[in-house]
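First the structure, in the form of structure tokens, and then the observations on it.
Sequence lines set the chain letters: A, B, ... in the order given, protein chains first and strands last, and positions in each chain run from 1.
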Amino acid sequence: MSEVGGSQGRRREAAGPASGVPSEQLDTVSGANESGTVSDGGAGAALLRISHLRKAYGSNVVLRDLSLDVPDHQCVALIGASGSGKSTLLRCINLLEVVEDGQVFLQGKDITDPRVDGDTVRTTVGIVFQSFNLFPHMTVLDNITLAPRRVHRVGRRAAEADGMAMLERVGLADKASAKPDELSGGQQQRVAIARALVGKPLLMLFDEVTSALDPELVGEVLDLLAELREDGMTMLVATHEMSFARQVADRVVFLADGEVAEEGSPQQIFDGPTDPRTQRFLRRILDGGRL
Amino acid sequence: MSEVGGSQGRRREAAGPASGVPSEQLDTVSGANESGTVSDGGAGAALLRISHLRKAYGSNVVLRDLSLDVPDHQCVALIGASGSGKSTLLRCINLLEVVEDGQVFLQGKDITDPRVDGDTVRTTVGIVFQSFNLFPHMTVLDNITLAPRRVHRVGRRAAEADGMAMLERVGLADKASAKPDELSGGQQQRVAIARALVGKPLLMLFDEVTSALDPELVGEVLDLLAELREDGMTMLVATHEMSFARQVADRVVFLADGEVAEEGSPQQIFDGPTDPRTQRFLRRILDGGRL
Amino acid sequence: MPDGWTPSPIERERLAYRRTRTRRSALIAATSTIVLLAVGILVVINTPGWPQFRDSFFDIKYGWQVLPQIAEGLWLNVRLMVVCEIVILALAMAIALARTLRGPVFFPVRAAAIAYTDLFRGLPLILVLYMLGFGMPSLRVSWLPSSALFWGCVALVLSYSAYVAEVFRAGIESVHPSQRAAARSLGLSHGQTMRHVVVPQAVRRVLPPLLNDLVSLQKDTGLISVLGVIYDAVLNARIETAATFNYTPYVVAGLLFVLLTIPMTRFTDWVARRQGWTGAGGAP
Amino acid sequence: MPDGWTPSPIERERLAYRRTRTRRSALIAATSTIVLLAVGILVVINTPGWPQFRDSFFDIKYGWQVLPQIAEGLWLNVRLMVVCEIVILALAMAIALARTLRGPVFFPVRAAAIAYTDLFRGLPLILVLYMLGFGMPSLRVSWLPSSALFWGCVALVLSYSAYVAEVFRAGIESVHPSQRAAARSLGLSHGQTMRHVVVPQAVRRVLPPLLNDLVSLQKDTGLISVLGVIYDAVLNARIETAATFNYTPYVVAGLLFVLLTIPMTRFTDWVARRQGWTGAGGAP
Amino acid sequence: SSTGSTGGSGSPSNSASNSASVGGSSSASVGSSSTSPSSESPSESTSGGSSSESISNGPSTGTTACSPADLKTKKPGTLTIATDQPVYEPWFVDNDPANGKGFEGAVAYAVAQQLGYSKDQVTWMRASFDSVISPAPKEFDFDINEFSITSQRAKVVDFSSGYYDVAQAVVTTKGSKIAGAKSLADLKNATLGAQIGTTSLNAINNIIKPSVKPAVFTTNDDAVKALQNGQIDGVVTDLPTAFYMSGAQLDNGVIVGQLPADTGQPEQFGLLIEKGSPITSCVSGAVDALRADGTLAKLAEQWLAQAGAPELK
Ligand SMILES: Nc1ncnc2c1ncn2[C@@H]1O[C@H](COP(=O)(O)OP(=O)(O)OP(=O)(O)O)[C@@H](O)[C@H]1O
Ligand SMILES: Nc1ncnc2c1ncn2[C@@H]1O[C@H](COP(=O)(O)OP(=O)(O)OP(=O)(O)O)[C@@H](O)[C@H]1O
Ligand SMILES: [Mg+2]
Ligand SMILES: [Mg+2]
């Protein structure tokens with residue numbers, strides 16, 4: 001707490017429009033109570049910077065004092081036990097939860113500032129949920145074109161062309177006019193991914209995207225993710241798939257007790273973990289024969 | 001079709017009570033239209049025998065002509081691409097779907113016979129769904145004790161003691177009075193498993209049970225399943241986890257095009273697949289780095 | 001069938017068994033229903049008071065005679081219903097949405113919506129009709145409309161909006177919050193989320209109670225007749241009954257209302273079935 | 001806090017900002033609401049007809065005078081409502097469950113339930129009241145009760161069951177089929193599934209429209225008074241108004257109804273909130 | 001909601017006329033003052049006049065101010081008269097006021113004629129009981145629909161002088177337990193019914209004081225139905241309606257008898273006029289003149305049943 005307490009900055013302006021103008025030069029504004037220099041978290045390289053984040057549900061403190069950087073064009077894997085708060089962290093980044101303390105900087109802007117417009121932030125951040133959350137009253141194609149048409153004001157024809165292309169990419173073009181209830185779990189998950197990708201977000205958050213996919217498709221999705229990264233996508237991926245974390249991620253972050261217990265390159269984490277909690281976690285997975 | 005068409009048998013009696021009296025000697029009854037010898041499918045060893053099953057949703061034929069045996073005290077893994085009908089097959093076995101053709105024998109009894117009482121069959125078959133389907137208006141403990149109390153008429157005290165023991169086993173005793181919505185995905189999946197196990201079924205069907213679990217817990221659940229098998233449980237497990245299929249299953253069944261494309265021991269399937277579809281499937285998984 | 005499948009003998013036997021059983025059960029159920037109805041009717045017909053009862057309530061000749069007049073009244077009910085319903089649906093949805101706003105900022109809006117619902121749902125419609133229909137013109141303000149019909153419609157709108165708003169609220173709250181989260185995460189604003197994701201699902205879920213309110217609105221439009229300005233179906237029936245001391249006109253009006261309700265019911269059921277799961281029933 | 005957390009300065013600043021903004025917005029909203037109301041009231045009070053309007057609708061002395069009598073009538077409304085409501089809820093649930101039965105076997109049951117709903121929802125309550133309240137006793141059958149109050153209650157039950165059944169049906173159909181599948185897979189029978197899994201969720205979702213029907217039932221119990229057997233709040237008000245040409249008794253009755261409705265509304269809202277998600281609002 | 005109905009109650013002036021037989025000689029019992037009843041308390045003004053004597057003069061007739069040319073009616077040159085929908089015999093016939101048949105239909109035309117309006121200058125409109133008693137502006141010049149004059153009602157509307165003195169009577173069916181009743185005491189345990197908004201209801205409560213609360217009906221039709229069904233023992237209504245009920249509506253109806261007045265004040269029906277209307281005094285004058293020249297008595301004889309009914313003590 002104390003580090004941040006000393007010098008802090010905040011922004012009067014809302015986050016910029018959907019287009020990703022990288023960290024504009026913003027004025028530093030003196031806070032009402034305290035003033036200081038801007039602590040963008042040193043910004044620049046890190047598209048997403050999380051600083052001393054805290055989030056609790058009632059008395060259950062899920063995230064305690066969490067700091068984390070996701071640099072531009074990188075894929076960061078988030079691993080940790082069930083209930084360690086991976087999903088919660090992603091929801092906080094997407095402003096679907098109000099944080100209790102700490103800050104989240106996107107392109108150097110503090111998006112937890114109450115003056116920031118949450119909707120604008122969310123258009124630049126895509127998320128795919130653990131449970132797919134498709135809209136059951138719409139067809140697959142309508143699910144995918146909803147945001148482009150309503151938020152980005154793309155015409156129906158263009159949106160549907162984009163949507164079909166995206167469905168093609170996830171191998172579900174023939175299900176375009178099906179209702180989500182008629183799809184298998186894996187098919188639903190692919191639609192959810194397509195829906196998040198079609199908005200061309202700056203940052204993608206994936207919550208267990210591969211958990212419902214069959215092994216054949218996991219490969220395809222991994223290719224898709226790799227491809228996305230080539231296109232300049234920054235990604236934060238919560239996952240239970242250690243093989244995924246090992247092969248695709250640039251960096252691996254291990255969550256425990258509401259904080260980052262350890263982070264580093266996949267080699268560092270998987271081959272030479274230093275934190276005892278990481279060591280125990282990885283040993284148990286190894287025993288399960290899954291690494 | 002033709003094999004069965006020639007000689008068929010059916011049972012006038014409903015499936016027996018929950019206790020698993022293994023294949024009683026039943027009278028053969030002449031069918032109304034045709035008569036013949038009993039084709040229990042040779043019964044005896046196989047707790048579950050599926051014979052020429054067919055199931056379609058409208059014009060989408062999901063299971064075409066599927067035959068499969070699950071012997072007593074064995075764990076059979078069901079693998080196959082997304083949408084290949086694994087979930088559908090499990091639902092048919094549990095009589096949650098009406099089959100279009102073919103038969104399912106449980107303990108030698110044709111449970112697809114319309115004279116059989118579906119509720120009685122379902123008390124002897126446990127299922128854990130891909131999407132957890134917990135009851136959102138009940139606490140975790142109530143979710144678990146519902147069937148024992150209402151179906152098996154166990155007293156509240158005994159049912160709750162059993163339920164707590166089961167929660168203990170899946171590591172969620174402290175969440176007994178939480179509502180499902182307050183649990184993480186993995187926690188919900190473990191509750192669903194506990195709920196199915198507490199009814200002490202003869203046959204357990206698992207649909208992607210590990211997909212939402214974090215790797216630490218997968219090991220625990222695998223131990224749980226192995227333990228169950230020791231206790232004499234017969235299991236049919238639809239899964240995308242090849243490591244699971246390889247290490248735990250006694251036999252592996254590969255579904256494709258609505259039929260059993262190939263089956264055998266894990267060694268046979270993973271090390272020497274003969275069907276080209278299996279080969280292709282496994283090769284793609286291997287490319288994904290997941291075997 | 002594209003794969004040349006033909007049912008196996010065992011399947012055919014199963015189908016035959018199911019068909020037989022279905023037919024038998026349906027027969028039993030139908031027979032018992034019909035027998036019960038027939039017995040009931042026979043008992044009633046053989047009571048000492050039946051001839052008088054029949055003449056009082058089911059005088060067919062007289063019924064035919066008053067039919068055109070009552071149908072004309074019904075046409076008025078229908079027109080009033082349509083006009084009022086459009087306003088009611090809009091107003092009720094606005095109130096329901098106001099109640100779903102969260103956060104202390106919206107407290108006054110929420111409080112106003114709650115107060116509105118409490119007041120106009122609690123007040124008997126007849127009182128609202130009197131206060132507006134008789135009270136407003138009695139204020140003698142030139143720029144206020146003085147038409148009793150106008151104020152009657154306003155009263156209906158105020159009362160029914162409170163009811164329908166509660167129906168909409170139930171629907172909106174029954175949509176799982178994860179749907180909202182998914183929509184917001186795509187960048188949709190609160191309004192867009194409500195409009196495109198929540199409300200369509202909400203409305204579909206509450207179609208039957210919505211239709212309830214529509215059906216009773218259709219009948220309550222007749223209450224405007226206390227203001228003395230319209231001749232609706234029920235008033236026409238009452239006029240006839242007063243002249244002849246025979247309740248048949250009421251029965252005719254009732255049957256016409258039923259005939260009007262049935263297609264509306266079938267239509268909403270069809271709409272509901274067309275979108276999303278049909279629900280109900282489940283496993284065999 | 002168990003972990004000794006204290007808000008950081010930045011969090012405190014954020015909280016302060018949020019509080020200021022909330023306070024300002026709430027103030028603006030509250031002020032505008034109050035100003036609007038005040039202006040409305042002032043305009044009405046300054047119309048030429050206001051004194052007469054006030055004397056006709058808000059004669060406070062007269063209101064106090066009739067209050068005991070109307071309150072007594074209201075007590076009758078309440079008792080009738082409670083008795084009828086219990087029967088209505090049971091009957092309506094039976095009808096709603098009958099409509100959810102699937103398969104051709106249950107066709108006659110389903111058809112009977114649909115016919116019942118169509119008929120009694122479509123018929124104006126007043127006709128059902130006349131047919132039963134005056135019609136049944138006129139059959140002169142010794143073993144049939146001839147009490148008009150009894151038949152009045154039967155008429156209310158028949159009409160309202162049809163409405164409430166539709167509300168229940170909406171609730172039942174809004175429960176996702178996977179819930180039913182899960183329950184059936186545990187070995188619960190169709191009945192047990194409905195009782196323990198589907199109906200509890202269904203009822204919770206339709207509490208607001210259910211309360212709608214309860215509130216209007218409470219007022220419609222007064223309609224039994226056309227049979228000449230009860231003195232309910234509205235009838236007492238009407239007797240007074242007819243005698244004095246002053247509508248104040250109606251206003252008194254209306255306010256009493258509103259006062260009765262409010263605690264019922266808060267109670268159901270509280271029940272609904274206690275179980276399951278509260279829904280509404282969602283993301284900030 | 002209620003249909004239109006006979007006049008009201010109001011605590012002070014609620015009894016029927018004490019004349020022995022209204023049906024027989026109604027003109028003899030007319031007892032209204034000639035002063036304008038548009039003042040605050042018409043009951044005072046009515047009681048101010050001698051209650052059961054015939055009045056010899058009708059002073060306000062013939063004044064030029066009351067001719068159609070001067071009268072400020074709603075529609076100049078025409079007289080708009082309102083009544084309820086529907087209306088009943090013997091007050092109107094065939095629910096058609098314009099045919100001039102029935103007592104009130106005939107009285108309405110007589111008043112119009114007295115004011116100088118021809119038959120075509122009279123327009124009829126319908127107004128429900130509820131709308132007539134409201135403070136809202138009226139579209140009619142006067143309403144004729146068996147409205148009893150009371151001081152409370154006169155705060156909201158104007159009344160003309162009374163055009164008919166009302167007595168209450170009990171109707172039942174042959175074989176009912178009160179068919180042979182000879183005194184008020186015989187009615188004590190009877191279930192009696194009456195129409196809402198009528199003085200009949202007050203008559204039951206104040207004169208008979210039965211042990212069972214009276215049944216209140218929206219219309220007299222409903223009361224008759226309940227009587228036929230045996231749900232009530234008798235119906236109390238004004239005497240002319242009672243004759244009509246027992247003669248035309250009931251197959252085996254009988255009039256048990258007429259109720260005595262419990263105070264000295266006669267109850268009267270008056271024409272209902274908008275509060276503060278400029279035509280009230282003219283209309284009152286016309287009614288007074290019609291009473292004076294015996295027209296009202298003649299019309300009562302023509303349209304209302306003439307047989308007497310025994311008074312119950
Ligand atoms: N809405 C909520 N209300 C109360 N507690 C909650 C809520 N959502 C999550 N929690 C709690 O927060 C903790 C973290 O949940 P979260 O879903 O973030 O875990 P996770 O790391 O994503 O787990 P998993 O790997 O199983 O998905 C859990 O203990 C859970 O019970
Ligand atoms: N209720 C339904 N109505 C129509 N089609 C359905 C329905 N349920 C499933 N299907 C279709 O049946 C096929 C098989 O679905 P199923 O869920 O059995 O696949 P699966 O093998 O379990 O796939 P996954 O591994 O993704 O869970 C899919 O093509 C799906 O679209
Ligand atoms: Mg999670
Ligand atoms: Mg599946």
Side-chain angles (χ1 to χ4, degrees), chain A residues 15 17-18 87 90-98 114 117-139 142-153 179-182 188 191-192 194-207, chain C residues 2 93 96-97 100-107 167-168 170-208 210 268-283:
Chain A
S87 300
L90 298 186
R91 290 172 59 85
C92 286
I93 296 170
N94 206 14
L95 299 187
L96 291 172
E97 302 278 356
V98 177
D117 175 34
D119 292 334
T120 316
V121 172
R122 280 188 287 264
T123 55
T124 64
V125 179
I127 187 166
V128 181
F129 290 97
Q130 192 161 12
S131 53
F132 331 128
N133 293 349
L134 296 181
F135 306 130
H137 61 300
M138 294 180 178
T139 64
D142 287 343
N143 260 282
I144 291 177
T145 55
L146 178 67
R149 290 180 54 204
R150 303 298 167 187
V151 183
H152 303 297
R153 301 278 161 207
K179 288 281 173 69
D181 267 10
E182 297 161 18
Q188 288 188 45
V191 174
R195 187 175 65 175
L197 284 178
V198 85
K200 301 197 179 58
L202 289 176
L203 171 68
M204 278 294 298
L205 310 175
F206 291 99
D207 194 356
Chain C
M93 183 54 84
L97 289 176
T100 65
L101 294 173
R102 283 279 162 276
V105 181
F106 294 110
F107 174 76
V167 172
F168 280 142
I172 289 171
E173 291 188 354
S174 78
V175 176
H176 197 277
S178 68
Q179 287 286 314
R180 260 181 294 267
R184 294 308 294 273
S185 78
L186 291 173
L188 271 70
S189 66
H190 177 81
Q192 288 172 324
T193 301
M194 284 293 162
R195 170 141 175 245
H196 298 294
V197 175
V198 177
V199 169
Q201 294 185 59
V203 169
R204 185 240 158 275
R205 290 188 185 178
V206 292
L207 271 181
L210 255 185
T268 36
D269 279 359
W270 176 79
V271 169
R273 203 165 299 126
R274 217 172 49 113
Q275 38 180 305
W277 74 79
T278 357

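Taking OG of C/Ser185 as the start and CG of A/Leu205 as the end, the distance is 9.0 Å to the nearest 0.5 Å. Atom OG of C/Ser189 and atom CG of A/Asp117 lie 9.0 Å apart (nearest 0.5 Å). Going from atom CG of A/Asp119 over to atom CG of C/Leu186 covers 11.5 Å, rounded to the nearest 0.5 Å. Between the OG atom of C/Ser178 and the CG atom of A/Leu134 there is a distance of 10.0 Å, given to the nearest 0.5 Å.
Heavy atoms of other residues, nucleotides or ligands lying less than 6.0 angstrom from CZ of A/Arg149 number more than 12.
Every residue two or more places apart in sequence or in another chain that forms a side-chain hydrogen bond (donor to acceptor under 3.5 Å, both in side chains) with A/Asn143 is listed here: A/Arg195. Here A/Arg91 pairs with A/Leu96, A/Glu97, A/Phe129, C/Ala181 under the side chain to side chain contact (heavy atoms under 4.5 Å, CB included) rule; sequence neighbours left out.
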- Apply side-chain contact (heavy atoms from CB on, under 4.5 Å) to C/Val198 and A/Phe135, showing your working. CA-CA 9 Å; C/Val198 177; A/Phe135 306 130; over 6 Å; no

For the pair C/Leu188 and A/Thr123, evaluate side-chain contact (heavy atoms from CB on, under 4.5 Å) and give the outcome as yes or no after the intermediate values.
CA-CA 8 Å; C/Leu188 271 70; A/Thr123 55; over 6 Å; no

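A donor-acceptor pair is defined here as one N or O able to donate and one able to accept, closer than 3.5 Å; no such pair exists between the side chain of C/Gln201 and the backbone of A/His137. Remark: side-chain polar atoms of A/Arg122 are paired, donor with acceptor, to backbone N or O of C/Arg184 under 3.5 angstrom.
Within the 4.5 angstrom heavy-atom criterion, atoms from both the backbone and the side chain of C/Gln179 approach chain A. Only the backbone of A/Val125 has a heavy atom closer than 4.5 Å to any heavy atom of chain C.
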